[in-house]
Amino acid sequence: MTTRPSLVVFTRDLRVRDHPALSTAAASGPVVALFVFDPVALRGTHASPNRVGFLLDALEDLDSSLRRLGGELVVRHGDWVAEVTAVATAVGASGIHVSDDVSGYARGRLSRLADALAALPVELVRHPGVTVVDPGAVSPAGGGTFKVFTAYHRRWLAHPWRPVVATPTELSAVPDVATGELPTLDALVAGTPSPQRRVGGETAGTDQLRSWLAGGGLADYRDGQDDLAGDRTSHLAAHLHFGTLSPLEVASRLRDRPAADPFLRQLAWRDFFHQVLAARPDASRADYRDRGDQWVHDEDGFEAWRTGQTGYPMVDAGMRQLLAEGEMHNRARMVVASFLTKDLGIDWRLGAAHFMRWLVDGDVAVNQLNWQWVAGTGTDANPHRIFNPTTQGRRFDPAGEYLRRYLPELSPLASPDIHEPTIDQRRDLRYPRPIVDHHDAVAAHKARRASSTD
Ligand code: FAD
């Protein structure tokens, strides 16, 4: 009698290392590895050429890794549940192994899959793998979900982490399964990716982690994380989003190293937002805390923000970095998000959607909830977090190097002028005047919020 194979459905866990679903399936016999391109997951802001390009890199790399182990990646197109069920039936799978996830979409498709399998002799097994600590694994004493990061962080640090699982040494493949071809980027999404988009895949992720550590990035993180020009953060976000690196493996490797705490804290923020979204899937669209905001309709303002033409160098540099690279320094993300929601009074959802269109690390939980944190509608109690773009630039890019990198028209200016060019300099260098006065705009924001919360 032959052992029935197991189906491993890859989603955003595109690696072979520390992959509980893959390792469990491999331990029980032959494995069919599947990825499904579902048109629903490629719509709207998910139709991001940067992220889909990164995804294709990652799938190609995953296929190579699986082949080295004796397996291969099967690719299908269509409704995720229908395709998974069809492949499971065709190969006579005994079980389907998948990494659990938190978004409304991910949970919806897993629950539809469970329904579709109810009448079939196929077991659905959900595994960890997307976060360090599973959403729901730690909860406040009174039950429910943590709404305050500091309390969550304390429990996150104390909670025992699962061990890193061993990579399978060999996969016994299943004969006679048509593998299908990886599509091209153009076949999946319209639009052009950023010229300097990061390469995806477990190999690239592992190299990035190695070179960041070798360059002293971890030891330097506390001092370096806000250095805009030095760009000293890990650049692992896209790899963590697509699971081309295991968040748990990264955290476990670094945990006992000196000076790891501030970096681990950021991974805890990532987990925190995942458990918030798991509890409140509507927070991807709705205010987590409704402040009754009356958002301003300002197409010209939004266009100036989107294209990096607001006349505030710090905002414009961040927005142009996003278009050029599909990434933006965290300090700049906070400044540009504050500018959109506070100075321009524009709804955070429009900003979050623009970020999702371009960010290679765009992640529903982390993006939408960071936007809400800045907008003052999120888990955080502070409704008036306002970043002054000029003082932020002076403080975190004192020499103006970050500004010069993304705003070539301002490159003739030295610091401090570059942070606040004069009217004449703006005219000569063809750089716009500020589209709003920061102090007036902030006063208007406060007045709007006061009237909406009265
Ligand atoms: P590092 O500083 O090296 O941090 C290590 C890892 O910790 C990151 O890769 C990320 O996984 C996590 N992390 C860091 N900062 C945060 C944070 N504030 N919240 C949660 N996790 C964090 N990050 C995303 O991964 N995807 C997004 O879509 C996203 N959107 C954002 C939108 C706004 C408005 C803001 C203010 C922040 C957003 N961030 C997002 C968080 C942060 O800016 C990025 O994670 C970080 O800039 C990525 O660079 P890095 O990998 O070098 O980070």
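Source: prediction; values computed, not measured. Note: hydrogens, waters and symmetry copies are ignored here, and every other heavy atom, side chains too, is used. Counting starts at 1 for both ligands and their atoms, following the listed order.
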task = State whether the side chain of Gln208 and the backbone N or O of Leu236 hold a donor-acceptor pair below 3.5 Å, judged by distance alone.
result =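 Between the backbone of Leu236 and the side chain of Gln208 there is no qualifying donor-acceptor contact (under 3.5 Å).
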
ask   = Do the ring centers of Phe387 and Phe339 come within less than 6.0 Å of each other?
value = no

inquiry  = Please tell me whether Trp212 and Phe263 form a close aromatic pair, meaning their ring centres lie under 6.0 Å apart.
reply    =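 Yes, the ring of Trp212 comes within the 6.0 Å limit of the ring of Phe263, centre to centre.
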
message = Which option wins on minimum heavy-atom distance to atom 41 (C) of ligand 1: Asn370, Val336, Leu359?
response = Asn370

query = Evaluating non-hydrogen atoms only, which member of Val366, Thr341, Asn330 is closest to atom 20 (C) of ligand 1?
reply =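 Comparing heavy atoms across Val366, Thr341, Asn330, the nearest one to atom 20 (C) of ligand 1 lies in Val366.
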
Hey, is [X] one of the residues with a heavy atom under 4.0 angstrom from ligand 1?
| X | result |
| --- | --- |
| Gln225 | no |
| Phe263 | yes |
| Phe272 | no |
| His235 | yes |

inquiry  = Assess, by modelled atom type and distance only, whether the side chains of Trp348 and Asp287 contain a donor and an acceptor separated by less than 3.5 Å.
reply    =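 Present: a donor and an acceptor within the cut-off.
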
message = Testing the 3.5 Å rule here: is there a donor-acceptor pair between the side chains of Tyr406 and Glu325?
response = yes

task = Quick one: look up the protein heavy atom nearest atom 13 (N) of ligand 1 and list residue, atom name and how far away it is.
result = Gln266 O, 3.6 Å

